[in-house]
There are 2 protein chains.
Amino acid sequence: MARRYDHSREELYEMILNEAHRQVMDGGLRSLSARKIAKEIGYSVGTIYNLFSNFDDLILHLNGRTLDLLFENLSVPPETLDPEDQLRELSMTYIKFTRTNQNLWNCLFDNRLLIRDGLPEWYNKKIDKLLELIEKAIAPLFSSLNSLERHQSAWVLWCSFHGICSLANFQSDNEEATTYAATLTDQLITNYIAGLKVYQPQ
Amino acid sequence: MARRYDHSREELYEMILNEAHRQVMDGGLRSLSARKIAKEIGYSVGTIYNLFSNFDDLILHLNGRTLDLLFENLSVPPETLDPEDQLRELSMTYIKFTRTNQNLWNCLFDNRLLIRDGLPEWYNKKIDKLLELIEKAIAPLFSSLNSLERHQSAWVLWCSFHGICSLANFQSDNEEATTYAATLTDQLITNYIAGLKVYQPQ
DNA sequence: GAGTTAATTGATCATTGTTCAATAAAAGGA
DNA sequence: TCCTTTTATTGAACAATGATCAATTAACTC
């Protein structure tokens with residue numbers, strides 16, 4: 001059989017990533033397989049390699065969708081809130097997301113993706129969008145001249161959130177891991193923001 | 001052939017992990033293979049499975065050695081230093097370690113290890129030893145009554161260090177990644193410690 | 001309707017982790 | 001010393017993987 005045109009290229013792309021999403025959610029990256037995807041969507045393996053240059057590329061695109069999902073979850077907190085409370089709101093949603101989509105989120109940081117040299121532009125843009133949420137939240141703490149320091153602090157917080165959630169995944173008790181991650185994030189925000197207030201003039 | 005006794009069980013264990021270490025250092029976890037190890041040490045695959053229950057178990061033990069290596073690198077900073085400067089010293093060594101042993105360090109956080117339920121006791125002990133270095137460094141900032149908060153702050157810092165170094169590995173430019181990780185860690189320490197001083201009475 | 005283009009297939013290849021009956025060397029006992 | 005038991009070691013065999021690519025055939029073009 002050939003050129004069935006049952007589905008457009010875009011539809012196929014969606015079907016493949018939907019199925020990949022499902023498999024990763026179910027059993028982590030380990031249970032993701034090109035053959036299984038093909039079987040499930042009713043096409044052959046070759047079709048997958050027609051759309052994605054290789055398996056890592058498929059994972060990268062799946063991760064792109066995960067970043068989108070995360071962004072959709074992290075709605076912009078109201079500007080009426082303290083920077084501190086905005087951060088708390090963001091971080092709590094973040095933790096919740098990483099816990100309910102554990103396998104999917106882990107996939108973002110799989111080692112196989114950092115072998116190549118650098119991530120593509122479109123991917124980094126998705127990360128930047130997330131970072132901007134944090135940057136906006138802490139903006140009131142910085143004078144408009146200190147955009148570099150604001151940016152760096154956003155990165156510090158982003159990395160730290162990541163670190164806390166990442167290591168939480170190694171805990172066996174799921175309930176406990178979630179609450180401990182929340183506690184640590186809370187400590188981080190409290191102290192880091194207090195520190196910022198000490199050093200930032202305004 | 002059987003029961004050659006060319007090497008004791010302990011010697012074999014070392015030989016296998018040495019070779020695994022080499023392979024991971026060279027090309028990351030992806031280029032680690034039981035067959036290749038066997039070939040290199042002059043034994044057959046079966047022998048490896050005689051010493052390790054499965055491949056993940058082998059990786060876990062390799063990671064154990066990596067944690068040991070890290071601990072040996074992170075010498076206890078002199079108590080005469082500020083908590084802040086002790087932390088800086090620890091974190092700089094940490095960053096250096098993660099950068100020079102990038103593949104090996106990445107291996108510590110590979111997703112395949114967090115599938116099972118919880119890490120073994122001996123492994124967690126190694127992590128605790130590392131955490132204690134941080135806890136000792138920040139001890140002067142807490143009253144002796146606040147051991148819980150001290151412990152939590154140590155975790156926050158540990159997780160944050162991890163997060164910063166972890167995400168630094170996704171940058172393509174190696175030099176830049178290192179210096180940026182150093183900058184972010186510096187910011188983290190400065191602000192977090194300043195925050196602690198605000199909230200901790202003594 | 002002939003010719004061109006491109007989507008789809010699936011057999012094929014090299015590799016992987018893992019198993020386990022077969023084997024042979026050492027240890028223990030008489 | 002010889003027999004038995006124990007145990008380290010082997011490697012063929014299995015199932016599964018990512019990846020390739022010539023062959024096929026449907027759709028499009030003119």
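In what follows, chains carry the letters A, B, and so on, assigned in the order in which the sequence lines appear, proteins first and then strands, with residues in each chain numbered from 1.
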Under 3.5 Å, which N/O atoms of the protein pair with N/O atoms of nucleotides 18-22 of chain C?
{"from": "C:dT18", "atom 1": "OP2", "to": "B:Y49", "atom 2": "OH", "distance (Å)": "2.6"}
{"from": "C:dT18", "atom 1": "OP2", "to": "B:F55", "atom 2": "N", "distance (Å)": "2.6"}
{"from": "C:dT18", "atom 1": "O4", "to": "B:R35", "atom 2": "NH2", "distance (Å)": "3.4"}

Taking atom P of D:dG18 as reference, at what distance in whole Å does atom CD1 of A:I48 sit? 9 Å

For D:dT10, does either OP1 or OP2 sit under 4.0 Å from a side-chain N or O belonging to B:T47? yes

Give a yes or no on whether a salt bridge exists between A:K197 and A:E84, defined as a side-chain N under 4.0 angstrom from a carboxylate O. yes

Classify the nucleic acid contact of A:L58 as base, sugar-phosphate or nothing, counting any heavy atom under 4.0 Å across all strands shown. nothing

Grab the CZ-C1' distance between A:R112 and D:dA19 for me, whole Å please. 13 Å

When the aromatic ring centroids of A:F52 and A:Y13 are compared, is their separation below 6.0 Å? yes

Rounded distance (Å) that lies between atom C1' of C:dT9 and atom CG of A:L12: 14 Å

Give one of base, sugar-phosphate or nothing for B:L32, where a contact means two heavy atoms less than 4.0 Å apart. sugar-phosphate

Less than 4.0 angstrom from a charged side-chain N to a carboxylate O is my criterion; do B:E14 and B:R65 meet it? yes

Considering only side-chain heavy atoms of A:K36, which listed nucleotide, D:dT10, C:dT9, D:dT17, is closest? D:dT17

Under 4.0 Å, counting only non-hydrogen atoms across every strand here, what does A:I37 touch: a base, just sugar-phosphate, or nothing? nothing

Do the side chains of B:E132 and B:K129 get close enough for a salt bridge, i.e. N-O under 4.0 angstrom? no

A:F109: ring-ring contact (aromatic ring centres under 6.0 Å, His included) partners, not counting sequence neighbours: A:W105, A:H162

Salt bridge check, B:E175 against B:R99: does any charged N sit closer than 4.0 Å to a carboxylate O? no

Short side-chain N/O contact to D:dT17 OP1/OP2 from A:S33, under 4.0 Å: yes

